[in-house]
Structure formats: C-alpha cells, structure tokens
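Here is the structure we will look at, set down as structure tokens.
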2 protein chains.
Amino acid sequence: MATIKDVAARAGVSLGTASRVLSGSSQTSPDSRSRVLAAAAELQYVANGPARALRRARTDVLGLLLPDIRNPFFSELAHAAEQEARRLGYTVLLANADEDRDQEAAYLRTFASQRIDGLLLAPQQGGSPELESLHASGLPLVLVDRAVRGLDAPLLSTDNAQGVAQALAWLQAGGHRDVAFVGGPAAISTGVERRDAYLAGRAAHGISTDDALVDAGDFQLGSGTDAMLRILDRGVRPTAVFGADGLMTAGAMRALRQRLGDEARAVEVVSFDDLDWFDLRSPGISAVVNDAAEIGRLGVAALADVIAGRPVASQRIATTFVDRRPAGGTA
Amino acid sequence: MATIKDVAARAGVSLGTASRVLSGSSQTSPDSRSRVLAAAAELQYVANGPARALRRARTDVLGLLLPDIRNPFFSELAHAAEQEARRLGYTVLLANADEDRDQEAAYLRTFASQRIDGLLLAPQQGGSPELESLHASGLPLVLVDRAVRGLDAPLLSTDNAQGVAQALAWLQAGGHRDVAFVGGPAAISTGVERRDAYLAGRAAHGISTDDALVDAGDFQLGSGTDAMLRILDRGVRPTAVFGADGLMTAGAMRALRQRLGDEARAVEVVSFDDLDWFDLRSPGISAVVNDAAEIGRLGVAALADVIAGRPVASQRIATTFVDRRPAGGTA
DNA sequence: TTTCCACATGGAAACGTTTCCACGGATGTG
DNA sequence: CACATCCGTGGAAACGTTTCCATGTGGAAA
C-alpha cells in the first residue's frame with residue numbers, strides 16, 4: 001500500500017509538499033500540485049486514516065449509539081442522522097446497544113478509544129459510569145429521544161405530552177371509555193412522560209381510570225404482546241388500545257388476535273409512532289407521528305454545533321397525528 | 001487526556017513495560033503489573049485507538065455496507081452481524097448506501113482510508129471501480145445477499161430458487177391462475193434470480209404466463225406500489241400477488257387497496273421475506289422466510305476466516321415457508 | 001539597483017502506540 | 001563453583017501523517 005512518501009518520491013517533491021497538496025491545507029505551486037496529484041493517482045494512494053487522526057487529534061467520525069436498530073423509529077433516525085453527518089463531512093460509526101446497559105457501556109468504551117469527535121446517543125435507563133466519564137472528559141455529546149437524569153447535555157426529543165394529548169383527543173372523539181394503555185419502561189424518560197401524560201389526561205377525556213387497563217413493556221414487540229395479554233387476562237374488555245410505541249402497538253394487536261380472534265378487528269387502535277404498514281391493515285391504525293428523521297437530522301446538526309463550540313439548546317420536536325378511523329366512526 | 005507515558009511515569013516503570021502490561025502482549029512481573037494497572041485506573045487511561053492502529057497496522061474494525069438500513073431484512077442482518085462481530089472482538093462500522101451507487105463508492109473510499117480489517121458488503125448493481133480496487137488491494141471481502149458479476153469473493157446468499165419454488169407450490173395449492181408478480185431490479189442478482197425462477201416455474205404450477213401480470217420495482221416500498229398499479233392498470237385482475245421482497249409486497253398491498261378498496265382482501269398475498277406484522281393482517285400474508293440473521297452471522301464468521309487466511313466457500317442459505325392461508329383455503 | 005516581503009519548499013519534530021534489541025540479574029544445570 | 005538459559009525491563013525505532021520552522025527564490029516597492 002502506497003504511502004505519502006512514495007507519492008512524494010514519484011512526484012519529485014518533498015514529503016511536506018506532498019502532504020500540503022493532498023490535504024489542501026496550504027498554498028502550493030500549480031506545478032508541484034499537478035505532479036503530486038498525478039503520482040497519487042498512479043499509485044492509487046489512499047491516505048492512512050489512523051495516522052492522520054493521530055497527528056491531527058481528530059477523526060471526523062461521529063458515534064451514533066442506539067438502543068435498537070430494528071425498531072423502525074431508530075433505523076429511520078439513524079438513516080437521517082447519517083445523511084446529515086455525511087453532508088457535514090463526518091462519517092458515522094453506528095452501534096446498537098440492544099436495550100442492554102452492559103452493551104451500551106462496552107460501546108462507550110470503544111468510542112472513547114476510537115477518539116470519535118462527538119457522540120449522538122439515545123441512552124439506556126439511568127446512565128452509567130462510562131457515560132459520566134465520557135461526558136466529564138469533554139467529549140461533545142448530544143442526546144436524542146431520551147433524557148438521562150443528572151446529565152447536562154442537549155436533548156432532542158419528541159413532545160410526548162403533545163402526542164399523548166392528540167391521541168387522547170382522538171380516543172374521546174371515538175367515544176371510548178375502556179381504553180387499554182400499553183406503556184413503556186418506567187426507567188426510560190419517554191416511557192415515563194407518555195405514561196404520565198396519559199394517566200393525567202385520561203379522566204378529562206372521559207376515559208376510565210381503572211388501572212387494570214394499564215400495563216407496560218420495554219418498547220420491543222414481544223413485550224407489547226405480553227402486556228396486552230396481562231391486561232386482557234384481568235377480565236377487562238377494552239374498546240380501544242393505545243400503545244406507547246409502534247412496535248408495542250403491533251405486539252398488542254397480536255395479543256388481541258390471540259385472545260379475541262376475528263373480534264379483535266372491532267378494537268380501535270392508536271399508536272405513538274406511525275409505522276409504514278399501519279394504513280394497510282383494516283381498519284387502519286391511527287397514530288401520533290413522531291418525526292424520527294427530523295430528530296436525527298437536528299441531532300447531528302446540534303452535535304456539529306457543540307463540536308464547533310457554538311451554543312446549543314435542547315429542543316422538543318412537535319408531533320402530528322394521522323386519523324385512520326373509517327368514515328362514520330365507531331363509538 | 002492521559003497517555004501511556006503518563007501511566008508509565010506514575011507507575012514508575014518504562015513506557016515499554018506499561019505497554020506490555022496494558023496490551024497483555026508479553027510477560028510482566030506481578031509487581032509492575034499491579035502498579036501499572038493502578039496507575040491506569042487512577043488516570044482514567046483510555047488507549048488511543050488511532051495510534052495503536054497505526055503501529056499495529058490493523059484496526060479490529062469491520063465495515064458493513066448495506067443498501068438500505070430501513071429495510072427490515074437488512075436491519076436484522078446488521079443486528080446479527082454486529083453481535084457476531086462483537087463476539088469475535090471486532091467493532092462494526094455500519095454504513096448505508098441508500099441503494100445509490102455514488103454513496104456506496106464514497107463509503108468504500110472512507111472504509112479504505114479508515115483501514116478497516118475487512119468488509120461485509122451487500123453491493124449495488126454492477127460493482128464500481130472503487131470496489132474493484134479495494135478488492136484488488138487485498139482487503140478481506142465477503143458479499144452478503146447479492147452477487148457482483150466478475151468479482152471473485154465469497155458470497156452468502158439466500159437460496160432464491162428454493163424460496164420461489166416454495167411460493168409457487170403454495171400458489172398452486174391455492175388454485176391460482178392469475179398471479180401478479182412484483183419483481184426486483186434486473187440489475188441486482190437477487191432480483192434476477194427470483195424473477196427467473198418465477199418465470200421458469202410458473203407454467204408448471206398452473207399459473208398464467210401472461211406477462212401483463214409481471215412488473216418490477218427496486219426493493220423499496222413505494223416501488224412496489226407503483227409496480228402493482230401498473231399491473232392493475234393493464235386491466236388484468238389477479239387473484240394472488242407474489243412480491244419479491246417484504247417491502248415491495250407491502251407496497252403492492254397498498255396499490256391493491258387503492259384500486260380495489262375492501263375487495264383487496266380477497267386477493268391472496270405471498271412475500272419473499274417475512275415481516276413482523278404479516279401475521280397481523282387478516283387474512284394473513286404467507287411468506288418465504290429469508291433468514292437475515294443467519295446470513296449476517298455467517299457472513300461475519302466467513303469474513304473472520306478470510307482475515308485469518310482460512311479458506312472460505314460461498315454458501316446458499318435455505319429458506320423456510322410460513323403458510324398463513326386461513327383454514328379451508330381460497331381457490 | 002537595493003531592500004523587503006510573500007510564498008513555495010525541504011527538513012524535522014511530533015502525535016501515542018507497539019515491538020525489537022540488548023542488557024542484567026536470577027535461576028537452574030553440569 | 002562456573003556456565004548457559006531464561007525472563008523481565010529500559011531504551012529506541014517505527015508506523016504515516018501534519019505542521020512548524022528555516023531557507024531560498026521570485027517579484028514588487030522604494
């Protein structure tokens with residue numbers, strides 16, 4: 001593999017000059033410039049990233065650490081973040097914590113060792129010593145989707161209260177009293193915020209406050225099934241279901257079908273997060289639209305600001321709502 | 001940020017000894033060992049990855065370049081690949097080509113510059129100069145899911161012919177004659193293989209050979225809708241649809257609903273790729289199960305073998321089939 | 001013509017590791 | 001007791017860049 005030294009030799013210039021041409025950092029004569037470029041092309045020169053990173057003390061790499069890449073919300077977020085990072089000249093190192101604190105900690109160590117320029121993180125519950133020390137070390141850090149108690153970093157998150165209010169209004173318009181709520185983990189900020197907003201708002205929207213109708217999962221599909229089964233097995237018979245994320249809503253539908261068979265279709269469904277296929281089922285599934293792409297984009301932009309030393313504020317992203325109730329309603 | 005030099009000084013040993021302790025490469029006395037470890041802990045020493053990579057000429061990083069991370073097939077593959085890589089001591093650098101050749105080429109350059117130890121690639125159509133030269137440079141390379149003409153690298157892919165045969169058998173059992181086929185791109189090997197197997201096998205399974213029933217997309221959801229709309233607008237009226245991947249199948253269903261409304265439910269659907277929610281729709285969507293996780297796992301294992309210089313052979317992964325036709329059939 | 005400045009260049013230091021080499025002391029064998 | 005061996009260590013080179021500093025050459029200004 002050719003080094004810059006080989007390129008310099010072939011071009012008949014010094015190593016320093018070759019570097020100046022190749023990195024474009026400083027003025028060079030048109031003559032040496034063209035000779036170096038030609039030599040580099042002939043030798044198929046590719047700069048050695050680690051060497052460059054070592055010397056410049058930056059890598060132009062951003063870390064993106066997500067809880068679950070198979071969750072469409074996060075894969076969409078990752079996609080948008082990557083596009084934006086690319087636009088800003090960064091490469092993204094994507095890692096998947098699998099909703100597991102140890103794995104998150106392990107990746108944080110890896111990132112620290114790789115000397116990434118900044119980290120975009122959708123954290124696990126409660127932080128970790130690794131996260132503390134990474135932040136304490138001054139690594140530019142931006143949180144997305146979820147907050148960490150006691151960690152002072154900019155956060156880009158959904159306006160959960162707004163989204164829940166939209167869902168509640170929709171439930172009320174449908175005349176529902178017995179609504180099953182499949183919430184998220186009590187240890188994750190989005191779980192808490194959505195649950196609290198729901199519990200606080202339900203009475204005002206004419207919804208039963210019977211807590212037998214409420215259960216929770218961990219934002220993964222199977223847990224939504226389990227939670228809904230627990231609810232149904234308490235003997236209640238909801239006329240609508242509200243899931244705190246897209247995957248758990250899907251899981252809850254599976255539970256409904258298991259217990260109620262074809263009658264499951266009579267139960268109206270609303271989800272926090274809109275998935276691709278929610279319009280394909282009949283009747284359609286209404287949803288709070290949680291703009292993952294926007295969060296990813298803004299997150300990377302904010303991270304770039306932090307890296308550049310510009311001030312950055314936390315931000316709530318507004319939700320919209322898509323009503324897929326068949327004309328005529330249910331009630 | 002503390003360096004190994006600081007650690008050595010604090011422990012009262014030479015730089016070389018500190019390195020030997022920290023990297024565990026060579027014997028050290030218990031005494032210096034404990035002193036170095038203590039010093040490292042006190043200083044919160046984190047090894048500088050780029051420096052290490054520069055010196056050792058390896059990074060312990062694998063590249064994973066996928067066409068579309070939002071496609072559940074690939075996000076599942078990525079997840080499994082990452083787990084396996086982690087198990088083998090590698091970090092994964094994940095990148096998303098977005099079904100775009102230029103972006104793929106750009107990432108290949110980035111990977112080359114980062115000096116990754118190996119690349120797991122689900123390529124775009126027809127390769128690229130960047131891919132050629134990367135492979136020519138001796139970078140360990142394993143392909144997943146898709147082949148590249150003229151590129152001699154191990155390939156782990158689905159047994160597309162088998163999967164199509166399973167779908168054909170199912171269609172025949174359902175008594176279908178007019179079957180719409182939404183194929184993949186003619187430039188991608190999986191697209192070609194599935195289409196060829198279907199076209200070659202349909203007559204023997206009692207399926208119409210009218211090519212008005214056949215169209216193609218690009219493996220993304222919207223393209224499935226478009227293809228299906230084209231088919232329907234030719235005036236044919238299929239009793240079943242076969243989609244060449246999960247997303248396009250979903251897209252085709254959207255088209256059916258647009259054109260046929262509630263009667264769309266009478267059209268039976270079978271998909272190459274099983275998605276999470278195919279059992280939730282009624283009637284259920286039958287599917288060829290394409291084991292993305294297995295491909296990801298085996299791909300990384302194969303890549304590790306290539307890196308270690310062990311011989312590696314291409315491999316076809318068998319498909320299974322899940323029949324979700326309601327008892328009693330349709331015919 | 002002389003002085004000065006700008007600018008392109010060559011050489012060398014520096015980034016933080018790993019690893020080679022040589023040395024010294026302790027251990028074991030004859 | 002003498003010699004060979006082994007093992008842990010210190011010192012230094014090397015990895016491939018970027019960047020600082022000094023030098024020389026050109027042209028512009030006086």
Side-chain angles (χ1 to χ4, degrees), chain A residues 1-37 39-40 43-61 89 91 109-117 137, chain B residues 1-37 39-40 43-61 89 91 109-117 137:
Chain A
M1 185 132 276
T3 76
I4 199 173
K5 215 161 157 180
D6 304 323
V7 173
R10 178 160 197 131
V13 301
S14 78
L15 199 161
T17 301
S19 169
R20 278 181 283 258
V21 170
L22 261 11
S23 66
S25 61
S26 170
Q27 289 280 19
T28 50
S29 72
D31 179 49
S32 28
R33 186 176 159 71
S34 63
R35 304 236 307 281
V36 168
L37 258 22
L43 296 174
Q44 303 202 45
Y45 170 73
V46 179
N48 183 312
R52 155 178 293 202
L54 171 60
R55 174 63 227 224
R56 309 198 342 196
R58 38 178 286 221
T59 51
D60 295 330
V61 170
T91 303
R109 281 191 293 269
T110 303
F111 281 151
S113 157
Q114 301 262 336
R115 298 296 198 269
I116 57 172
D117 288 353
S137 80
Chain B
M1 186 130 278
T3 75
I4 200 172
K5 216 162 158 179
D6 304 322
V7 173
R10 180 163 196 128
V13 301
S14 78
L15 199 160
T17 300
S19 169
R20 277 181 284 257
V21 170
L22 261 12
S23 65
S25 62
S26 169
Q27 289 282 15
T28 50
S29 73
D31 179 50
S32 29
R33 186 175 158 70
S34 64
R35 306 236 306 280
V36 168
L37 257 22
L43 296 174
Q44 302 203 45
Y45 171 72
V46 179
N48 184 311
R52 155 177 293 205
L54 172 59
R55 173 61 228 225
R56 306 200 330 184
R58 36 178 287 221
T59 52
D60 295 331
V61 171
T91 303
R109 281 191 293 268
T110 303
F111 281 151
S113 157
Q114 301 261 336
R115 298 294 198 268
I116 58 173
D117 287 353
S137 79

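In what follows, every chain begins at residue 1, and chains take the letters A, B, ... in the order their sequences are listed.
The interatomic distance linking A/L43 (CG) with D/dG16 (P) rounds to 14 Å, in whole Å. Put simply, CG on A/L54 is 9 Å from C1' on C/dA14, counting in whole angstrom units. In this structure, the CZ atom of A/R56 is 16 Å from the C1' atom of D/dC20, given to the nearest Å. One atom, CZ of B/R35, and another, C1' of D/dT9, lie 12 Å apart when rounded to the nearest Å. Protein atom CD of A/Q114 is 17 Å distant from nucleotide atom P of C/dG16, rounded to whole Å. Rounded to whole angstrom, the span from the CZ atom of B/R58 across to the C1' atom of C/dT17 amounts to 14 Å. Atom CD1 in A/I4 sits about 12 Å away from atom C1' in D/dT19, given to the nearest Å. Taking atom CZ of A/R52 as the reference point, atom P of C/dA14 lies 22 Å away to the nearest angstrom.
B/T3 comes within 4.0 angstrom of sugar-phosphate atoms only, judged by non-hydrogen atoms across all strands, and of no base. Among the atoms of the strands shown, none is found under 4.0 Å from any heavy atom of B/S26.
Pairing each heavy atom of A/Y45 with each of A/T3, the nearest pair is CE1-C, 3.6 Å. Taking each heavy atom of B/D6 and B/M1 in turn, the nearest pair found is OD2-O, 4.4 Å.
In terms of modelled atom types and a separation under 3.5 Å, the side chain of B/R33 and the main chain of B/Q27 share no donor-acceptor contact. Checking side-chain atoms of A/R35 against main-chain N and O of A/R10 turns up no donor-acceptor pair under 3.5 Å.
D/dA30 is paired with C/dT1 under the criterion used here, namely a Watson-Crick or G-U wobble arrangement in which both key atom distances are under 3.5 Å.
For C/dG10, its base sits under 3.5 Å from the side chain of A/R20 at one donor and acceptor pair at least. The base of D/dT18 sits within donor-acceptor range of the side chain of A/R55, with an N or O pair under 3.5 Å.
Within the structure, every side-chain polar atom (N or O) of A/S19 is placed at least 4.0 Å from both OP1 and OP2 of D/dT17. Within the 4.0 Å cut-off from OP1 or OP2 of C/dA8, not a single side-chain nitrogen or oxygen of A/T17 is found.
Set against C/dG16, C/dT18, C/dT9, the side chain of B/L15 has C/dT18 as its closest nucleotide. Residue A/S14 places its side chain closer to C/dT9 than to any other of D/dT18, C/dT9, D/dT17.
The nearest heavy atom of DNA chain C to B/N48 and to A/A18 marks one nucleotide each, and the one closer to the 5' end goes with A/A18. Closest-nucleotide positions on DNA chain D for B/S29 and B/R115 were compared, and the one nearer the 5' end corresponds to B/S29.
Screening residues 49-61 of chain B for side chain to side chain donor-acceptor pair (under 3.5 Å) gives B/R56-B/D60, B/R58-B/D60, B/T59-B/D117 as the qualifying pairs, with residues at least two apart or on separate chains.
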